Amino acid sequence: MDWQAIRLSVELAAATTAVLLALGLPLAYWLARTRWRGRAIVEAIVALPIVLPPTVLGFYVLVALGPASPVGAAWERLFGQGLVFTFEGLLIASVLYSLPFAVQPFAAAFATLDRRLEEAAWCLGVGRLATFFKVCLPLAWPGVLTGIVLSFAHTLGEFGVVLMIGGNIPGETRTVSIAIYDEVQALDYAAAGRTSAILLAFSFAVLLATYALQRRFVQAWPVR
Amino acid sequence: MDWQAIRLSVELAAATTAVLLALGLPLAYWLARTRWRGRAIVEAIVALPIVLPPTVLGFYVLVALGPASPVGAAWERLFGQGLVFTFEGLLIASVLYSLPFAVQPFAAAFATLDRRLEEAAWCLGVGRLATFFKVCLPLAWPGVLTGIVLSFAHTLGEFGVVLMIGGNIPGETRTVSIAIYDEVQALDYAAAGRTSAILLAFSFAVLLATYALQRRFVQAWPVR
Amino acid sequence: ARAGEITVAAAANLKYAVDELVAAFRVERPDVEVKVTYGASGNFFAQLSQRAPFDLFLSADAVYPARLVEAGLALDDAMFRYATGRLALWIPPGSTLPVGSLGLAALRDPRVRRIAIANPRHAPYGVAAIEALTAAGLREELSGRLVLGENVGQAAQFVQSRAADAGFIALSLAVSPPLAGGTHYVVPAELHAPLEQAGVIPQRARDPAAALAFRDFLLGEHGRAILSRFGYGP
Amino acid sequence: MAGSLKADFSRRFPGGPVVGAALELPLDPPRVTVLFGPSGCGKTTVLRCLAGLERPDEGEIRFGAQCWFEAAAGISLPAQRRGIGFVFQDYALFPHLDVAANVGFGLGGMPAGEQRRRVAAMLDRLGLAGMAARRPRELSGGQQQRVALARALVREPRLLLLDEPLSALDAVLRDALRDELRGLLLQAGIPTVVVTHDRNEALVLGRVLQSGPVIEVFNRPASARVAGIVGVETRQPGRVVAIHEGLAEVEVGTARLHAVAGPGIPRDVLVCLRGEDVILQREPGPASSVRNRLAARVIGIQPAVPLTRIELDAGFPLFAWVTRPACEELGLAPGEEVTALFKASAVHLLPHEGAPAASQR
Amino acid sequence: MAGSLKADFSRRFPGGPVVGAALELPLDPPRVTVLFGPSGCGKTTVLRCLAGLERPDEGEIRFGAQCWFEAAAGISLPAQRRGIGFVFQDYALFPHLDVAANVGFGLGGMPAGEQRRRVAAMLDRLGLAGMAARRPRELSGGQQQRVALARALVREPRLLLLDEPLSALDAVLRDALRDELRGLLLQAGIPTVVVTHDRNEALVLGRVLQSGPVIEVFNRPASARVAGIVGVETRQPGRVVAIHEGLAEVEVGTARLHAVAGPGIPRDVLVCLRGEDVILQREPGPASSVRNRLAARVIGIQPAVPLTRIELDAGFPLFAWVTRPACEELGLAPGEEVTALFKASAVHLLPHEGAPAASQR
Ligand SMILES: Nc1ncnc2c1ncn2[C@@H]1O[C@H](COP(=O)(O)OP(=O)(O)OP(=O)(O)O)[C@@H](O)[C@H]1O
Ligand SMILES: Nc1ncnc2c1ncn2[C@@H]1O[C@H](COP(=O)(O)OP(=O)(O)OP(=O)(O)O)[C@@H](O)[C@H]1O
Ligand SMILES: [Mg+2]
Ligand SMILES: [Mg+2]
């Protein structure tokens with residue numbers, strides 16, 4: 001069993017989700033609140049990455065981040081190591097590809113918030129940032145959780161982009177989804193089945209725990 | 001330019017989204033409303049398909065729907081044609097794989113609805129189904145739209161499952177994402193770039209129109 | 001009206017050769033329409049096991065066809081060898097790596113930080129690449145620099161994008177128009193087991209007659225000539 | 001419509017109180033019934049149970065011959081089929097629909113023209129003309145409340161449930177709407193249950209729950225609790241020392257009162273007296289039909305509209321409401337001595353169960 | 001705190017009305033100012049502008065020496081830094097937090113123990129003890145309103161804005177809380193602006209906007225509009241026929257009245273008279289200080305609490321409020337002839353601008 005691959009996948013999924021929260025929450029909040037007319041353009045662009053087949057997106061990202069590209073070259077000068085075929089490269093690609101799965105549900109959740117609750121918090125002297133964390137985030141929780149779950153699960157299963165950027169290097173960039181793919185391709189269905197079963201069981205446990213725990217929150221919702 | 005593939009992709013994405021609306025909305029509504037303790041299990045299961053690499057999921061679906069399977073055999077008896085390597089087979093696989101992208105945002109949107117508005121509709125003699133369409137759906141619109149956009153866009157870009165179930169048969173099951181993939185594989189980057197550009201432009205136009213139009217709805221939200 | 005229509009499932013490394021074969025076949029048999037689907041042989045195997053509607057399967061190796069014959073899914077219980085592939089080391093245009101003079105030993109150069117190969121777990125060219133490196137006594141030294149593509153096509157892309165500095169790919173690919181600008185070194189055949197490529201006509205072929213016709217064309221003189229032009233051995 | 005609305009049920013909130021109700025309202029002729037009670041006593045809960053939005057844990061509800069709810073048989077008619085109109089305490093307007101669509105929401109089956117006509121007429125009636133195209137969030141609180149009212153009324157339901165239907169309105173508009181509402185209800189012949197805190201509203205709109213006509217409840221509250229709610233200012237424990245000829249003599253503090261005594265009056269009573277039944281004079285004055293005539297000292301004066309509230313010590317704390325001119329003419333000021341007069345029939349005796357009535361809430 | 005809250009601004013709603021305000025409230029000593037106005041006139045909008053939740057289109061707001069808003073300079077201090085407390089018309093409680101967390105929400109910087117102590121004390125004070133762990137949706141409407149009040153008060157803001165703070169409460173609780181609230185405000189020394197529809201609330205809590213002490217406004221409304229709002233029942237157009245010694249003689253309908261006349265009274269006036277300033281007698285009685293003494297016929301009787309409203313024809317429509325005992329003693333009934341008495345000082349004359357005042361809303 002390729003435990004290394006499983007660990008790497010979980011790390012990648014966790015890191016991707018964390019980055020998406022950090023980037024996606026402010027972006028989504030802005031999208032939900034701005035009255036700027038160009039908002040629809042940004043929303044449409046955010047959704048675009050998933051329109052391309054992952055391998056193809058991966059190829060373009062590979063070119064964009066490769067050592068021949070300005071980004072890749074700059075990175076290499078700074079860190080003495082290329083961006084592609086590294087965990088950092090994988091992370092960037094995963095974040096890009098999973099962006100819509102996080103930002104869209106976040107933005108939808110913020111859009112339906114009752115603004116007056118925010119106003120009430122402001123009137124209590126609570127700053128905008130604190131209000132965001134203490135009022136908006138808990139109230140938008142079902143949508144935020146959806147974004148987290150979709151990003152995390154999708155990164156676990158992602159394969160095309162990761163293969164392209166990562167190069168399938170055991171212990172470094174071979175994720176469990178690539179491992180399973182390889183097993184299927186090698187007609188080793190038994191091994192593929194075992195690895196899939198472990199991945200599914202792990203994911204199921206994580207998801208179940210998440211949903212069971214969130215019930216507590218959700219009970220707060222339906223404002224009677 | 002492989003217009004056939006583009007047409008097929010759009011048809012598949014539209015059909016998938018339609019089926020996901022029909023299946024996903026009731027399922028999501030139920031998930032958001034039920035007090036059954038097993039709900040978290042169903043929610044976790046719904047999210048599972050995206051944890052597996054698409055090709056691997058496609059492989060299992062292929063086996064599950066293939067002529068040797070009970071489902072495939074029954075279908076063949078009924079319709080005189082197998083399920084795999086047909087549009088119908090593709091549709092089933094796409095729906096399965098995109099299920100979480102639709103159901104999760106739908107459910108999150110329904111979970112934050114103010115139940116009292118539904119109650120108000122019931123008290124006005126409006127039945128549950130009509131209330132769903134006239135109250136719940138418009139109020140959950142940002143979340144529902146998110147689910148639609150994610151399903152549609154993701155089906156356009158989907159490649160692993162579609163390749164496995166469809167078999168990449170030109171004019172029958174070769175979607176545009178597979179076509180681009182093939183072009184990249186053939187190192188024909190010019191063709192891949194052209195097809196990608198068309199796909200992206202089309203998607204961008206559709207998404208932009210969608211988001212621009214929905215502004216009208218969204219203005220109704222923030223319950224002052 | 002056409003006498004027949006067949007769909008060929010062909011390994012990705014055949015792309016350029018088979019496109020030309022089809023064009024030539026069309027001249028000979030305008031009544032038969034040939035559609036080709038390129039992809040991973042492993043996927044085709046899985047699909048054929050589920051009775052995919054392919055009339056001819058041209059695998060990248062001999063294992064998948066053998067397994068289909070074993071499973072009783074091949075017409076006449078027979079597979080056919082149609083070519084032997086050759087492994088090539090390819091470096092991108094502009095690279096000054098002296099592959100011409102040093103051969104595989106050129107990979108020792110410290111400028112070579114990444115070497116792309118197809119995944120040896122399931123891709124025959126990947127297996128051959130490992131065998132060649134082993135035979136050349138470079139495996140230990142270079143294994144840390146390997147990156148694995150899904151197939152030789154992806155290995156080529158790694159190099160093309162300069163993400164990798166050299167790659168083991170099929171000779172047929174190295175001589176194809178998109179890669180012709182680079183430099184390649186044909187790995188001596190003795191360094192790896194022969195890359196036999198075989199095919200079958202699936203039992204459920206919709207038009208076995210037309211499929212047989214295309215197979216015979218492929219195995220015939222004209223066909224072999226085209227294949228050899230694309231770097232395939234007999 | 002014959003018969004009555006009979007309800008007898010209870011609803012337990014886990015971790016909260018138990019709300020019970022037992023009421024019978026005749027449907028013919030249609031009446032307006034007022035649900036009065038302190039904040040949090042369960043008024044909204046009772047309305048929600050009647051509407052079918054909340055399921056009681058026990059009991060039953062019948063509307064005429066129709067069974068709406070029966071816990072034992074597991075019957076519960078859904079809200080849609082009860083034919084009610086409900087105005088929610090916080091309006092519950094549809095934020096995505098404009099005012100006209102909100103009001104017309106329940107008129108689904110009707111031809112569009114008829115629908116439009118009715119909506120327009122109702123908006124006009126409630127002073128909302130010209131706002132048909134606004135969204136709820138573009139309305140003030142009082143405007144929203146009127147839209148909610150219009151939405152419920154326009155369907156001409158067979159039972160109307162109003163939870164504080166006028167609380168967000170200013171005095172003038174409330175007066176106007178109160179009369180308008182009464183007119184509408186009488187005209188349409190819709191039996192109605194109203195929750196309100198406004199005593200005038202209760203009086204104008206209908207009778208108070210469980211206790212006959214309105215005036216009756218205000219004068220003769222059935223319990224110390226109700227006495228507190230309807231605002232009987234003076235509530236003092238007393239002891240009945242004698243009864244003859246239907247007149248009880250009651251000791252309250254250091255004073256003695258006369259009160260009309262019903263049958264079965266216990267020894268320990270709660271003496272209830274409304275402030276506006278107390279007349280203040282400077283001199284004791286000549287004897288008259290007024291039975292109670294107590295010397296009192298003014299303790300405090302609180303001006304209010306339309307009356308001034310006078311706090312007195314008459315051997316026990318006593319409150320009186322007097323008009324402002326009277327207050328001026330009598331030269332009332334703290335420390336002044338006056339005579340307080342009130343009829344025996346104005347004094348209401350309740351059995352007193354130990355706890356001081358003032359803390360009954 | 002010295003200085004005053006000065007605000008002079010206007011807010012235009014696209015497709016809606018323009019809301020304007022011009023007010024100056026002294027901050028020292030802190031006062032309670034009441035915003036009175038018909039539904040939809042812009043009271044909530046004014047509060048929201050003061051709070052910094054809504055941006056006026058023009059004008060400025062200064063609090064003491066601090067500039068809160070200035071349209072010309074593009075200055076607008078965010079709500080957080082204005083140090084206000086705001087009770088929303090529909091509460092706006094945080095649904096995901098329990099009562100204690102709602103009330104403690106604004107006490108961020110404080111040590112946890114101190115925070116808990118303050119929250120508990122405030123809950124106790126507003127009759128919410130024992131509900132600390134409930135969620136808002138598990139509270140009744142009135143309980144929610146009190147939580148909103150507690151949340152705003154516990155921070156001891158430097159300006160308190162209350163939008164109908166007691167509307168959801170029953171009479172007894174409202175009386176109790178009104179006094180409690182006044183106590184709290186006086187004690188804490190917090191300048192307050194209250195929006196209310198309740199005249200008693202206005203009177204007890206503070207002075208009415210722009211018009212000096214409360215009693216003044218009720219007696220001498222500055223415009224026909226205000227007169228309507230504060231509930232002056234009798235509003236009739238009249239013509240001044242003579243003025244001497246500060247007393248005007250006014251023709252109203254077929255009757256003549258005497259009124260105290262201020263300077264610059266025009267010929268066409270609106271005669272305003274509060275119902276509780278009218279005394280009814282059976283006989284004309286002896287002469288006294290009462291100037292106006294009109295023969296009138298009873299037209300209608302509407303019982304209300306605490307007074308009965310009598311509609312009279314005295315040559316013009318006249319309303320009077322009398323106590324119930326008085327009503328009974330006088331044997332009032334439609335058609336009966338009575339004498340209506342009221343002092344010249346009770347009649348208030350306003351310039352009349354053509355439109356009949358009764359339809360001014
Ligand atoms: N879901 C709930 N869980 C626990 N307690 C609840 C719940 N809903 C209501 N209660 C409690 O039940 C009681 C009755 O509530 P209800 O809303 O019926 O009161 P009300 O008479 O309408 O009061 P108000 O006049 O303040 O609106 C209240 O004490 C309230 O706190
Ligand atoms: N966003 C908006 N767009 C258009 N008009 C609006 C908007 N918000 C408020 N209004 C209008 O502005 C006026 C003032 O509203 P506001 O809420 O301040 O009234 P209010 O005095 O508080 O009334 P109430 O006593 O009924 O609560 C109303 O007529 C309302 O319809
Ligand atoms: Mg209530
Ligand atoms: Mg308001």
Side-chain angles (χ1 to χ4, degrees), chain A residues 2 5 53-73 75-76 80-86 89-90 92-93 159-175 177-189 191-193 195, chain C residues 11-12 39-50 59-61 63-68 70-71 92-95 111-127 142-151 153-165 167:
Chain A
D2 197 345
T55 324
V56 175
L57 180 74
F59 173 73
Y60 288 129
V61 174
L62 182 70
V63 172
L65 299 185
S69 74
V71 178
W75 184 278
E76 191 153 357
Q81 196 193 15
L83 202 47
V84 292
F85 306 133
T86 62
L90 277 191
I92 293 178
F159 151 76
V161 174
V162 160
L163 181 62
M164 210 63 181
I165 305 297
N168 195 4
I169 303 169
E172 281 179 54
T173 58
R174 170 180 289 167
T175 61
S177 61
I178 300 181
I180 300 176
Y181 175 81
D182 287 348
E183 282 156 356
V184 169
Q185 288 292 313
L187 307 190
D188 190 352
Y189 298 141
T195 315
Chain C
S41 302
N43 284 352
F44 288 136
F45 172 80
Q47 289 168 335
L48 285 165
S49 302
Q50 301 298 330
S59 177
D61 66 357
V63 176
Y64 295 120
R67 294 276 288 265
L68 286 173
E70 239 170 73
S95 172
R111 282 176 295 163
V112 179
R113 288 181 303 178
R114 290 292 182 193
I115 303 163
I117 65 172
N119 192 339
R121 183 101 166 79
H122 50 76
Y125 285 92
V127 177
L142 300 181
S143 66
R145 305 193 202 167
L146 298 182
V147 294
L148 313 185
E150 190 189 347
N151 49 40
Q154 213 170 61
Q157 284 165 4
F158 286 154
V159 185
Q160 262 189 314
S161 67
R162 303 295 199 276
D165 307 288

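Computed from a predicted model, the values in this text were never measured in an experiment. Letters A, B, ... are given to chains in the order of the sequence lines, protein chains preceding strands, and every chain is numbered from 1.
In this structure, the separation between CG on A:Asp182 and CG on C:Leu148 is 7.5 Å, given to the nearest 0.5 Å. The CG atom of C:Leu146 sits 11.0 Å away from atom CZ of A:Phe85, with the distance rounded to the nearest 0.5 Å. Going from atom CG of A:Asp188 over to atom NE2 of C:His122 covers 11.5 Å, rounded to the nearest 0.5 Å.
For the set A:Val84, A:Val63, A:Leu62, the entry with the most heavy-atom pairs within less than 4.5 Å of chain C is A:Leu62.
Listed by chain and residue number, A:Glu76 satisfy the salt bridge (Lys or Arg N to Asp or Glu O under 4.0 Å) test with C:Arg113 (two or more places apart in sequence, or in another chain). Applying the ring pair (Phe, Tyr, Trp, His ring centres under 6.0 Å) test to A:Tyr60 and every residue at least two apart in sequence or in another chain returns nothing. Remark: C:Tyr125 engages no residue in a ring pair (Phe, Tyr, Trp, His ring centres under 6.0 Å) (not counting sequence neighbours).
Residue contact with chain C, scored on non-hydrogen atoms closer than 4.5 Å, involves the side chain of A:Phe59 exclusively. Proximity to chain A is limited to the side chain of C:Asn119, based on heavy atoms less than 4.5 angstrom apart. In this structure, the portions of A:Glu183 lying under 4.5 Å from any heavy atom of chain C include both its backbone and its side chain.
Residues C:Ala163 and A:Pro67 share a closest heavy-atom pair of CA-CD, 3.8 Å. Shown here for A:Ala68 and C:Ser161, the closest heavy-atom pair between the two residues is CB-O, 4.5 Å. In terms of heavy-atom proximity, A:Ile169 sits nearest to C:Val147 at CD1-CG1, 3.4 Å.
Among residues 153-160 of chain C, the residues having any heavy atom closer than 4.5 Å to a heavy atom of chain A are, in sequence order, C:Gln154, C:Gln157, C:Phe158.
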